[in-house]
Trainee: 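I'd like to ask some things about the structure below.
The sequence lines fix the lettering, A, B, ..., with proteins before strands; numbering per chain opens at 1.
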Protein chains: 2
Amino acid sequence: MAVKPIPNIVVGRLPIYLRALQRMSQEGRRVTSSQELGERLGISAAQIRKDLSQFGEFGKQGTGYNIEYLADQLQSILKVDRVWNVIIVGAGDIGSALARYNGLSERGFRVVMIFDNDPSKIGQPIGPFHVKNIANLVEEVQPAGIKVAILAVPAQQAQEVTDLLVEAGIRAVLNYAPISLAVPEGVRVQYIDPVTHLQHMSYYL
Amino acid sequence: MAVKPIPNIVVGRLPIYLRALQRMSQEGRRVTSSQELGERLGISAAQIRKDLSQFGEFGKQGTGYNIEYLADQLQSILKVDRVWNVIIVGAGDIGSALARYNGLSERGFRVVMIFDNDPSKIGQPIGPFHVKNIANLVEEVQPAGIKVAILAVPAQQAQEVTDLLVEAGIRAVLNYAPISLAVPEGVRVQYIDPVTHLQHMSYYL
DNA sequence: TAGATTGTTAATCGATTAACAATC
DNA sequence: TAGATTGTTAATCGATTAACAATC
């Protein structure tokens, strides 16, 4: 019997649902409906119900969804009912901002090391860390079993650093360098490039 | 005669194509093909040709695309054949990193002001700017005709600041706060939340 | 000319929406 | 009970891919 995989586009919406639920929870709300959630997010109620139904039945007819319960379920589905150790590579402005950002750990990710290749940065403190030498990346990261990396180096060095990350056993890369990366099967990359988003919007101006 | 609009998902890929072409140009390349471009980007050649054909005929059979010409055309389509003035709201780590980032201006966007509401930050220098008082945002931004803003304030303040931006005539918001924003018709929002990307990937770990 | 690659059409594939029985 | 809202099915809509004539 063939199991059809969950569409990637559906998985991508779950973190958005989770984020909204956690905010509602903060606001002291206890239940919500697909309609209310949809209005907040600009997504149709039908789509939210359809997406969730891929994973199970989380609601009650007539009542809607218990916010805390649904959030717990989504955390479990997304595997953020635990904390993933993360490394940052690149101790420039972006890497440093991320190293000091507290919003990661509340949501499933904890920065544990930051690397750079600049001798003037190595050893310097950034938030609670000291910058490590990228030359030691593989030997530090691989034995620690770390699977997630944030890449914040210049575009020119991004591919070679990525190869290093793969060698170190990293399987998920959040790439801030404005360049497409080549990675082997089984390694995932997500891209953050503010300029592509700005250009997308300027089309409509 | 009904003109069918370009699908939003196609517009969203154009900045990716443009970025790859500009990199190829830097590498000294003069021509490319839909196949080569597709391999770099992990997109099918057919899709690239189909996307581009929505806007015109930019290639030559047998030869492919002139990189500089196609990049120029895409810049014009995306309206980044000019420079858009941009404001940043929020002078925390992220806002400051963006204010100092030089990669924006090469690609169509120039930061011209940065605002915050924290008295200890107002007046302080960040990169080439001095932080302005958010209380003066509307009176500074509206007469200047600025249409693009980057929002880098805490989630709790994001919606009220957004309302201010809309009042000031902003029509495109790049939102770094981890919250969905409500905006009137005609105002566009794009979201950057590293954690949603990390959670998307952790599903597959 | 022979080889390569475009632009475009038609076919396929996948995602979204509408509608409603089930039921809390 | 009456009203509300889920989970799910079928219909619709839209996006991607495959294929190929045109042509550089």
Side-chain angles (χ1 to χ4, degrees), chain A residues 2-18 20-21 24 29-74 77 180 200 203, chain B residues 2-18 20-21 24 29-74 77 180 200 203:
Chain A
V3 181
K4 59 181 160 187
I6 308 293
N8 184 54
I9 196 165
V10 172
V11 177
R13 278 191 294 263
L14 298 186
I16 309 294
Y17 300 161
L18 177 57
L21 290 164
M24 286 177 169
R29 306 284 315 285
R30 301 196 76 85
V31 295
T32 186
S33 64
S34 58
Q35 184 173 11
E36 185 191 42
L37 203 45
E39 278 166 12
R40 281 220 187 195
L41 299 176
I43 292 176
S44 81
Q47 177 155 88
I48 291 173
R49 293 202 303 278
K50 188 100 209 287
D51 286 352
L52 296 177
S53 76
Q54 303 260 13
F55 301 94
E57 306 191 356
F58 306 115
K60 268 221 221 358
Q61 284 103 326
T63 312
Y65 301 92
N66 178 293
I67 289 170
E68 199 171 315
Y69 175 73
L70 182 54
D72 280 352
Q73 294 297 307
L74 290 179
I77 292 165
S180 293
H200 186 166
Y203 173 83
Chain B
V3 181
K4 59 181 160 187
I6 308 291
N8 184 54
I9 196 165
V10 172
V11 177
R13 279 191 295 261
L14 299 186
I16 309 294
Y17 300 161
L18 176 57
L21 289 164
M24 284 176 170
R29 305 284 316 283
R30 302 197 74 85
V31 294
T32 187
S33 64
S34 58
Q35 185 173 11
E36 185 191 41
L37 203 46
E39 279 166 10
R40 281 220 186 195
L41 299 176
I43 293 176
S44 81
Q47 178 156 87
I48 291 173
R49 294 202 301 279
K50 187 101 209 287
D51 286 352
L52 296 177
S53 75
Q54 303 260 14
F55 301 94
E57 306 191 357
F58 305 115
K60 269 222 225 351
Q61 283 103 326
T63 311
Y65 301 92
N66 178 294
I67 289 170
E68 200 171 313
Y69 175 73
L70 182 54
D72 281 351
Q73 294 296 308
L74 290 180
I77 292 164
S180 292
H200 186 166
Y203 174 83

Trainee: Less than 4.0 angstrom between a side-chain N/O of A:Ser34 and OP1 or OP2 of D:dT6, yes or no?
Mentor: yes
Trainee: Do any side-chain nitrogens or oxygens of B:Arg49 fall under 4.0 Å of OP1 or OP2 in C:dA4?
Mentor: no
Trainee: Assign each of A:Gln61 and A:Asp51 to its nearest nucleotide of DNA chain C by heavy atoms, then name whichever residue's nucleotide is nearer the 5' end.
Mentor: A:Asp51
Trainee: Counting only heavy atoms from other residues, nucleotides and ligands, does the tally under 6.0 Å from CD of B:Glu36 exceed 12?
Mentor: yes
Trainee: Can you give me the closest heavy-atom contact between A:Leu21 and A:Leu74, atom names plus distance?
Mentor: CD1-CD1, 3.6 Å
Trainee: Less than 4.5 Å apart, side chain to side chain, heavy atoms only: is that true for A:Leu37 and A:Met24?
Mentor: yes
Trainee: Return yes when atom CZ of A:Arg30 has more than 12 non-hydrogen atoms of other residues, nucleotides or ligands closer than 6.0 Å, and no otherwise.
Mentor: no
Trainee: So what's C:dA19 paired with, Watson-Crick or G-U wobble, going by both distances under 3.5 Å?
Mentor: D:dT8
Trainee: Looking at every heavy atom in both A:Tyr17 and A:Leu41, which two are closest together, and how far apart are they?
Mentor: CD2-CD1, 3.7 Å
Trainee: A:Gln73 CD to D:dG7 P: how many Å, rounded?
Mentor: 12 Å
Trainee: Tell me the interatomic distance from B:Gln54, atom CD, to D:dA15, atom C1', rounded to whole angstroms.
Mentor: 10 Å
Trainee: Atom CD of B:Glu39 to atom P of C:dT5: distance rounded to whole Å?
Mentor: 11 Å
Trainee: Does A:Ser44 have a side-chain nitrogen or oxygen under 4.0 Å from the phosphate oxygens OP1 or OP2 of C:dT17?
Mentor: yes
Trainee: Provide, to the nearest angstrom, the distance between the CD1 atom belonging to A:Ile43 and the P atom belonging to C:dA15.
Mentor: 15 Å
Trainee: Using Watson-Crick or G-U wobble geometry with both distances below 3.5 Å, tell me the partner of D:dG3, or none.
Mentor: C:dC24
Trainee: Measure the distance from CD on A:Glu57 to P on C:dT23 and round it to the nearest whole Å.
Mentor: 10 Å
Trainee: Does the structure show a Watson-Crick or G-U wobble partner for D:dG14, both distances under 3.5 Å? Name it, or say none.
Mentor: C:dC13
Trainee: Look at the side-chain N and O atoms of A:Gln47 and state whether any lies under 4.0 Å from the OP1 or OP2 oxygen of C:dT16.
Mentor: yes
Trainee: Has B:Tyr65 got a side-chain N or O lying under 4.0 Å from the OP1 or OP2 atom of D:dC24?
Mentor: no
Trainee: Toward the 5' end of DNA chain C, which comes first, A:Pro7 or B:Ser53, by nearest nucleotide?
Mentor: B:Ser53
Trainee: Just how far, in rounded Å, is P of D:dA15 from NZ of B:Lys50?
Mentor: 9 Å
Trainee: In this structure, how many angstroms lie between the P atom of C:dC24 and the CG atom of A:Asn66, rounded?
Mentor: 16 Å
Trainee: Could you state the CZ-C1' distance from B:Phe58 to C:dT6, rounded to the nearest angstrom?
Mentor: 13 Å
